[in-house]
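Below: one structure, written as structure tokens.
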4 protein chains.
Amino acid sequence: MSSFPSSRGRPRDPRSHEAIISAATELVIEVGYAATSIGAVAARAGVGKDTVYRRWRGKPELVFEAVFTTTDHVPAPDTGTLAGDLTALLRSLVEEFHAPAAAAALPGLLADFAADPVLKARIRSQFLAPSKERLLIVFERAVARGEIAAGTPVDLVLDTLAGAVFFHVGLVGEHLDRQLAGWLAAAIAKGIEIR
Amino acid sequence: MSSFPSSRGRPRDPRSHEAIISAATELVIEVGYAATSIGAVAARAGVGKDTVYRRWRGKPELVFEAVFTTTDHVPAPDTGTLAGDLTALLRSLVEEFHAPAAAAALPGLLADFAADPVLKARIRSQFLAPSKERLLIVFERAVARGEIAAGTPVDLVLDTLAGAVFFHVGLVGEHLDRQLAGWLAAAIAKGIEIR
Amino acid sequence: MSSFPSSRGRPRDPRSHEAIISAATELVIEVGYAATSIGAVAARAGVGKDTVYRRWRGKPELVFEAVFTTTDHVPAPDTGTLAGDLTALLRSLVEEFHAPAAAAALPGLLADFAADPVLKARIRSQFLAPSKERLLIVFERAVARGEIAAGTPVDLVLDTLAGAVFFHVGLVGEHLDRQLAGWLAAAIAKGIEIR
Amino acid sequence: MSSFPSSRGRPRDPRSHEAIISAATELVIEVGYAATSIGAVAARAGVGKDTVYRRWRGKPELVFEAVFTTTDHVPAPDTGTLAGDLTALLRSLVEEFHAPAAAAALPGLLADFAADPVLKARIRSQFLAPSKERLLIVFERAVARGEIAAGTPVDLVLDTLAGAVFFHVGLVGEHLDRQLAGWLAAAIAKGIEIR
DNA sequence: CCTTAACCGAGACGGTACGTCGAGTCTTCAA
DNA sequence: TTGAAGACTCGACGTACCGTCTCGGTTAAGG
């Protein structure tokens, strides 16, 4: 993947990278995804437009990195029951989608990704990957406990969870339904449990 | 709402309306939502831009009407069981979201609606309303049959169903999972049934 | 040629035309030809860039029109002698090239015209045409008076006069040599006279 | 002038100098003066941009040196008559201006020089100096022969000759008028001769 | 012989301008 | 008043070049 940086020439200034990411995050929060332009990001970061385009192919990639980076190394929950694990999982999903920058960026971001075949492939492989990994572990434990069958379709469940949270958080209410995570976890858990 | 047309002067040509809707639908299918511009729609419809703006406030409203019009007057399914009704409901939802124009327009459309507070309010009240109505009827019957409790939160269920279908159809696979409707209906039905 | 304006649609606002021409003239004088950008002209004229590009293909055409418009309808001089006519002709040529906007624009303008084959053809046909016309009349009278031969090559004389003035005014001294017109007219007149 | 190189450190590689000059000449011929960029010259020469900027202040200086170097040590013609000498002088001037790189570079080069007060001063002192020197010698001989008066203004004659050739060669015809040198020399000679 | 300083290639840097396009409004003539 | 046409202001797009800077790495002369 990494197409080695080759070390020839002046290396890229990591402070530019940071400044751009910060500027992008702030602008998305302040004016929204659609009104955030590469030019404005560059200006706020005190950087030339080329310096942005040198690192990211366009707005979707830039905002994606700016908004979804803290996502990662959360361990899979282990509460002893499927419902408990799903609740924990959903809570972190809600939290992630509800963060100011994420909530402002998500709909536009997904639209731009969906419109481009190249980017579309990354939704699953990058955007949903960490969640899928945790969900897989949760499912393995649930199978071991005999709560669910071995063949339960992880991707469908993940689409359901993420889609539900996205719709509820991103497209609907001003006010987030606080019971969302609990109710949805309970319903899905019960829905896919054996018997 | 309708700010009546006041009847003085030349009446609006209904053929313009049709031609614009058709042009918009075609363009969304051919070049996608983002690349569909009002100017291009007007040109293809053989119409001035003002004639478009006189009838719709902008691209989101126009495309929404162009893409989601046949939705409406389908009666609520009545198969005798909650799972059956949900399956039927989901099948029509999948069909609706999977139609060429809808699949192409949905992500961008939702992004534009979500970005505008005024439009955002219409997602529930217009976009989801027909589905909600049918779901309510299905739930009433299920309550009457004793399958589910009276207080089951319709909106959350609807977000879950629509979100799942949207994610799966609009953002993910080229190839739609044919089992989606059946599996999801079964899981949700079981998840919200009493006991 | 004229590809008739067809009268359909909103006609071009002549005030925009004027404002752009004025802004271009001012900018050329203030910052020079090279530093005059279409964007800056549009901004100063209070006009969108498209409005400029709709009327002119680029900077050379725009500045040419801005700087050389008052050139035209001066009648050919008729002093009774070739030397006198040439002096008058050269005086107006010097005046024309020495005007603030013209002096600032000429070198860059000729460079841009010379670099483009399409524009290059216009140097003779538009830029030099009015002078050539007057020179032709002057020569006809001189032939009638028997001062010069009938076949005297007008184009070469014109290149010589214009080239000399351009070099002297545009490329050389801050301070224009006041005797230029008189001396050059005398030399050329004597040089091409019979005997 | 030369701001001596102080001898410490690695000396400049003379092959870089040559490579840059060659690359500049080629590019000017191939794509023209305006489209010749320092970056492209450096790339073609296999050299870093700084290596160019270390030796020349910018494109005008570089291209000037690249295009006008063979100009110099031609001796002043001595045919026995002013008209003959001027013809020879003009022939070499035409040849110089008509060379591929010179013809391509001259208009833009003069424009850039004229736009910068510092460079503008060099037009006379460097670009025209060799020609002026030869013209002075020619004039001295003509004065000695009694052909012209002692005070004949060399600079004006030089402007006239150079301007005429520049206009004719650089700005006008594809096809150079072969009689240019002869006709112009004859006219000017006759024009400035005594009686 | 080993520092020191200028050179070198590569390429990132902050800027500025390019010419095109879409948004939404305005202005004309004609129906 | 509607309608087609198209001009209007505005602002973003992604690219190219400017001239400077910062890397790692030569290549000499001077101590």
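To find a chain, count down the sequence lines: A is the first, B the second, and so on, and within it residues start at 1.
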* Less than 4.5 Å apart, any side-chain heavy atom of B:Phe64 and any of B:Leu119? -> no
* **C:His17 vs C:Glu65 side-chain heavy atoms within contact, under 4.5 Å** => yes
* Asked: Listed in order of residue number, which residues of residues 22-29 of chain A have a non-hydrogen atom at under 4.0 Å from DNA chain E?
  -> none
Describe the nucleic acid contact of [X] in one word from base, sugar-phosphate, nothing, applying a heavy-atom distance below 4.0 Å.
X: B:Thr51; answer: sugar-phosphate
X: B:Arg15; answer: nothing
X: C:Gly58; answer: nothing

Which pairs, protein N/O on one side and nucleotides 22-24 of chain F N/O on the other, fall under 3.5 Å?
from, atom 1, to, atom 2, distance (Å)
F:dT22, O4', A:Arg10, NE, 3.3

* Structure fact -> Distance col, row A:Arg15:CZ vs A:Ile20:CD1, nearest 0.5 angstrom, shows 12.5 Å
* Atom CZ of D:Arg54 and atom C1' of E:dA5: how far apart are they, to the nearest Å? -> 12 Å
* C:Leu171 to D:Leu110 - nearest heavy-atom pair and separation -> CD1-CD1, 3.5 Å
* To do: List the atom of C:Ile38, the atom of C:Gly58, and the distance in Å for their closest heavy-atom pair.
  => CD1-C, 4.1 Å
* State whether the distance check finds a donor on one side and an acceptor on the other, under 3.5 Å, for side chain C:Lys49 versus base E:dG19. => yes
* For F:dC8, does either OP1 or OP2 sit under 4.0 Å from a side-chain N or O belonging to C:Ser16? -> yes
